[in-house]
Each structure stands twice: as structure tokens, then as C-alpha cells.
Q: 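Got a structure for you, written out below as C-alpha cells; questions coming shortly.
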Amino acid sequence: MKELIVNQLSKITSISKSEIERLIEVPPNPELGDYAFPCFSLAKILKKNPVEIAKDISKKIVSDKFEKIEAKGPYLNFFVNRNFLALETLSKIKKEKNKYGSSKTGKGKKIVIEMSSPNIAKPFGIGHLRSTIIGNSIANISSSLGFKVIKINYLGDWGTPFGKIMVGYKRFGNYNKLRKDSIKHLYEIYVKVSKDKSMEEEGRQWFKKLEEGDKEAVHLWKQFRELSVKEFKKLYKILNINFDVYSGESEYKNKMSATIEELKEKNLLKESEGALVVNLEEYGLGVCLIKKSDGATLYATRDISAAIDRYKRYKFDKLIYEVGQEQKLHFKQFFKVLELMGYGWGKNCIHVDHGLYLDKDGKKFATRHGKTIFMEDIINETKELAKKEIQKREKLSAKELDSRALKIALAAIFYGDLKNHRSSDMIFDIDRFVAFEGNTGPYILYTYARAKSILRKAKNQPKKYTLSNIEDKEKSLILKLESFQAVVQQAYESLSPNIIANYSYTLAQLFNEFYHSLPVIGSDQESFRLDLVDATSQVLKNSLALLGIETIEKM
Ligand code: ARG
């Protein structure tokens, strides 16, 4: 619909289509139309009063796609033709099904997205969960727009901590515990070693050995890595999230000397207290540490090497890093270094950040009663809550109960995260996330299942219908359905899945309002309304899919 207005206006005015598109508003009050165009910018160009301009244009546009086009002060208000809107929208959804909302704007372009990236031998953190959920949604949104997307999991599998863990493992490790509960065991060791300053030096030496390829060190490290990845994969399976590539910092251990050479040749390295740095003070970014005084290379050096390697491999149009806000400076620094190295593609590297999860009391949600929180425990807890909710309503077999509870739990967690703008800190409140009422994942799933149940109950075969008198509640719902594609595009442009989440919530609300005030089955509009129910369920499903949430047919 918006496109129709853009086309009409671009024929009569001298402003570009994209500018018109940007200017079109959705009025706060439906009495002012479904769309409005403010004439102020035309006033500047035409040197004429915007009220006059609005009047002039309203007379010039003739289109049966609009009920009326009204000049109101400096605004042009467009009222869409309800029948036209309904027919166009519903038939498009019926035809495109799962593809409704997708487009080809990204065709031929490649996006590499680095996401999740937990550290081996350490618990999968709550921040890694955010990165996984948000990164996955951005990947879904991008591929629905036709981009080729490559999802990389860049494991934290290199660095001085592994020296410490080795020392600790040699001292208090237990092979059976390691096999059985790898991450918990290694993490216990790490905590113990970190408290003991006397092991620091030894740890450094072990990491050095590892970097030099010492047999025992490499063997231990490989074991830690494999076992950790095995545990992470179990979690990803539960979350139903896949990666195209498992990479990690260790992949760049042999490429870093070349990077350091290149930095030297390009005259970017300075010595500072025995270490090598790139001085970024003139850009207000401090110094980027490249090599420590003991010769060990650093996080930033690996990131620079990884970015160069990824560009060689993928020739990406965009490289997105979904990583917590606390690493903002790090990304700014190494992006700047890439630019100074003369890599033009450096400006296509984007840090998509996220805020913290907070506990209900507003504190950082990383430990509970001083104990580290494990991801499996969180999912299981959420699942138990979901089970209770289901059991209040229905009796199911144990198997069905379990599978449904998991889907609801995941919807609760994913949606609970994605409904907020990613940069804001958010309160991780499982009880609220799982509620079947309010702005929650389960509420939207429930709305979807309700729509599906109406469709199942309908006995009559759908008939061909002619439209008359579309009600306001129906019109608002259809307008919302119609805007889906634009919403997906907007979510992509601002890399903000919350735009899709908020859309699905409003859509669910509009549907429930429609359903509560107008009869479907047995009404004289039955066929049309069933089509509307069907279309709504399809779009709810498509929007949830972009968030990584699977729907349930019955709930
Ligand atoms: N493993 C890191 C951590 O847990 C995140 C990695 C972020 N990605 C990067 N390219 N530096 O903090």
C-alpha cells in the first residue's frame, strides 16, 4: 500500500521515491487516514505554503485503490480502499505462504555473522545465550531477504587461561570427571587455580609451551576443546540452532606472525614498555595491544588475523559480530586498525552489541547465590514452569507434555530476550517470560494455536466470496498483515530483531481483538473471515520463525 502512495507521489512531485517513503507516516489516529504524507519538505522546494500544496496534490491523485485522499492542514491523508487491501493482501499471503515477508533485496550479497562464541572449558554464559539468540535471528532475517548468510561460531579456545587450566588439571584433575562433566570439572579447576597466585608463572609457561607446540600441552588442550565443543553442541541442539562453521581463536595461532609483520611493514607498530601496540590515541581509542612483553600474542591480534582471513575466504559484503557491549572498545580498536592497514572492507565490519541480563533485583545475572548459573539448568527450570502451565489446562501423555513444554520454554526465553532492543539491559525473569498472558512468547504461540483451532473447527468448505463492509477491526488486522514485508526490511536495516518481535505481539493483539468482537464460524462472512484467520496464522508463524521460535498447532 505504501508503495502505491510512493508511486503516485513520485509522479506528481520532484522528490525521490526513497525520500517519499521515508516521509510517509502512519497517523496516530485512524480518523486521519491509514497513511499520511507531510508536505513541509515540498514547501521548501516549491516555495509555497504546505497547506496549499496538500490541497493541490489531493486534487491531482485519482486512484480507486483509495477510499479517499484528504488534505488536512499541511498533511495529505490516505484512506485505503478496504476491499482492494483485503483482496491483495490475503491472496498474496495465500500464494506465498512461508515465503510471505521475504524478498530478494539481498540477492548476490554475502553476510558473515559471528555469533555465540563461548569459551572452551568455561560454562556457556548468559551473554553467549544472548549472542546466540540475537545472532540467529539476524541471520534468519538476512537470509529471508535473499542474502547468503554464513554463521560462524568463533570459540574462545586460545590464550593464557589455558596454561592455568593445564597446571590445575595436572594438579587436581580427574580423568573420569573430565569425561563425565567436562565443563563443570574444568571450570572448578580454573576457579581454584585463579585463587592461587603461586601457579600464575607456571601457567604462563604452559601456555608458552602450547604456543610452541609441546606435545603434552597440545594433547591436553585438544581434549579440553573437543569435550567442551561436544557439550556446547548438545545445547545448540536443544536450542535448535546451527552453525555453518566452527572456528576459534586457535585457528589463527600461526597466522599472527604474518599479521604482526604486516603491521610492522605498514609502519603501524610502536614499542611500549616492551610490548608492541598500535597507537590509536589520536582517534580517542587508546592503544591496541598486539604483542605482550613476554612474546604472547593477544585477543586483538587474533581478531585482526581472523577478519583478514574471512575476507579472503568469503569476500563478504558485511561481517557482523554479535558480541556483548562490554567489548565495544575492542571492536572499535581493531576495526580502526584494519582501516589503517588500508583494508577498505574494514568499514563493512559491524559490532552488533547487546546489553546485560539482569536479575530481578537489578544486579548482573551471572551467578545465583554466588554460584555460576548453568544454561541447561535455566532451560530445565523454564521447561518445568511451562509444564505446570500446560497441566493447568490439559492432560497430555508424558512424551507430548515434554516436547510441548520444551517448545514453550524456548519461545519464552527467545521472545523474552528479543522483545527488547538488543542494546538495552534486560531483566531475566523466567516466571514472567513463561506467562501465557501479556507480552510473552507463549502468548503469541497461544494466539497462533487458537487461530489454528478455529480453522480446524470450520466444517464448511471455503466458498468464493465477494467482499462488502469490511469492519474496522478487520481492516486494522489486514493493514498489519500487509506491512510485514516492510517490517522485516526495517528490522534488517537496523539489525534489530525486536522490531519483528513487537510486530508479532501487535499482530496477535489485533487478531484477538478481531476474534473477540466478530464471529467467524457461522457468520455470513465466514469464508472471508476464515481466510483472514488463516492469513494471520501464517504471518504469525513467519514472524516467529524469524525469531527462531517454532509454533505449536495445539496449545
Ligand atoms: N569468546 C569471547 C567471549 O566469550 C567472545 C568472542 C567475540 N568475538 C570476537 N571476534 N572477538 O568473551
Side-chain angles (χ1 to χ4, degrees), residues 111-136 138-139 150-162 165 183 186-187 190 194 221 224-225 228-229 231-233 235-236 241 243-253 255-256 259 285 288-290 297-314 316 318-338 343 345-346 348-357 364-367 372-375 422-423 495:
I111 295 181
V112 174
I113 175 158
E114 193 211 277
M115 49 178 273
S116 199
S117 310
N119 303 319
I120 65 163
K122 276 199 189 168
F124 188 97
I126 202 96
H128 300 123
L129 181 67
R130 284 209 88 176
S131 170
T132 311
I133 293 175
I134 298 167
N136 182 59
I138 292 177
I150 296 153
K151 289 152 92 181
I152 300 184
N153 195 341
Y154 181 68
L155 301 167
D157 61 357
W158 205 249
T160 36
F162 298 104
I165 298 174
I183 292 181
L186 291 171
Y187 187 58
Y190 181 70
S194 299
W221 171 82
F224 298 164
R225 188 183 194 276
S228 304
V229 170
E231 282 195 30
F232 294 146
K233 282 190 175 167
L235 180 64
Y236 296 132
I241 284 176
F243 297 90
D244 299 295
V245 181
Y246 275 85
S247 169
E249 295 180 40
S250 67
E251 203 178 317
Y252 297 99
K253 57 180 189 280
K255 297 204 169 101
M256 288 189 293
T259 304
L285 295 173
C288 181
L289 213 52
I290 298 292
T297 53
L298 289 149
Y299 190 48
T301 325
R302 292 190 279 281
D303 258 326
I304 296 166
S305 312
I308 295 173
D309 176 59
R310 286 174 190 167
Y311 190 73
K312 274 194 197 133
R313 265 187 225 223
Y314 306 114
F316 52 75
K318 242 183 215 169
L319 169 56
I320 292 173
Y321 296 84
E322 204 325 318
V323 184
Q325 238 162 32
E326 58 286 358
Q327 298 195 27
K328 224 175 202 160
L329 179 63
H330 164 73
F331 283 99
K332 279 196 181 148
Q333 286 183 333
F334 89 79
F335 291 170
K336 192 72 190 170
V337 174
L338 290 171
Y343 292 119
W345 49 262
N348 302 327
C349 296
I350 307 163
H351 175 206
V352 168
D353 66 354
H354 59 250
L356 297 173
Y357 272 140
K364 201 170 157 176
F365 184 89
T367 54
T372 308
I373 293 172
F374 289 90
M375 210 51 60
R422 54 180 169 71
S423 300
L495 300 169

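Remember, it's 1-based here, ligands and their atoms both numbered in the order they're listed. All values below come from the heavy atoms of this structure, side chains included, with hydrogens, waters and symmetry mates left out. Note that this is a predicted model, so its numbers are computed, not measured.
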Q: Checking a contact table here: which protein heavy atom is nearest atom 4 (O) of ligand 1, and how many Å away?
A: H128 NE2, 2.7 Å

Q: In this structure, does ligand 1 have an atom that sits under 4.0 Å from one of the heavy atoms of R302?
A: no

Q: Using a 3.5 Å cut-off on N or O atoms only, is Y299 in polar contact with ligand 1?
A: yes

Q: Write out the residue and atom name of the closest protein heavy atom to atom 1 (N) of ligand 1, then the distance separating them to 0.1 Å.
A: N119 OD1, 2.6 Å

Q: Taking atom SG of C349 and atom CZ of R310, what is their separation to the nearest 0.5 Å?
A: 9.0 Å

Q: Identify the closest protein heavy atom to atom 8 (N) of ligand 1: which residue and atom is it, and at what distance?
A: E114 OE2, 2.7 Å

Q: Is R225 salt-bridged to D157, going by a charged N under 4.0 Å from an acidic O?
A: yes

Q: Counting C-beta onward and ignoring hydrogens, is there a side-chain heavy-atom pair between D353 and F331 closer than 4.5 Å?
A: no

Q: Could you tell me whether E249 and ligand 1 have an N or O pair separated by under 3.5 Å?
A: no

Q: Indicate yes or no: does an N/O atom of S117 lie under 3.5 Å from an N/O atom of ligand 1?
A: yes

Q: Just do the ring-ring contact (aromatic ring centres under 6.0 Å, His included) check on Y311 and F316 with the steps written out, would you?
A: CA-CA 6 Å; Y311 190 73; F316 52 75; 5.1 Å; yes

Q: Kindly indicate whether the side chain of I350, heavy atoms from C-beta on, has any atom under 4.5 Å from the side chain of F335.
A: no

Q: State the atoms of ligand 1, each with its element, that fall below the 4.0 Å cut-off from a heavy-atom position in D303.
A: 9 (C), 10 (N), 11 (N)

Q: At a 4.0 Å threshold, what atoms of ligand 1 neighbour a non-hydrogen atom of Y154?
A: 8 (N), 9 (C), 10 (N)

Q: In a check of ring-ring contact (aromatic ring centres under 6.0 Å, His included) between F334 and each of Y343, Y299, Y321, which one passes?
A: Y321

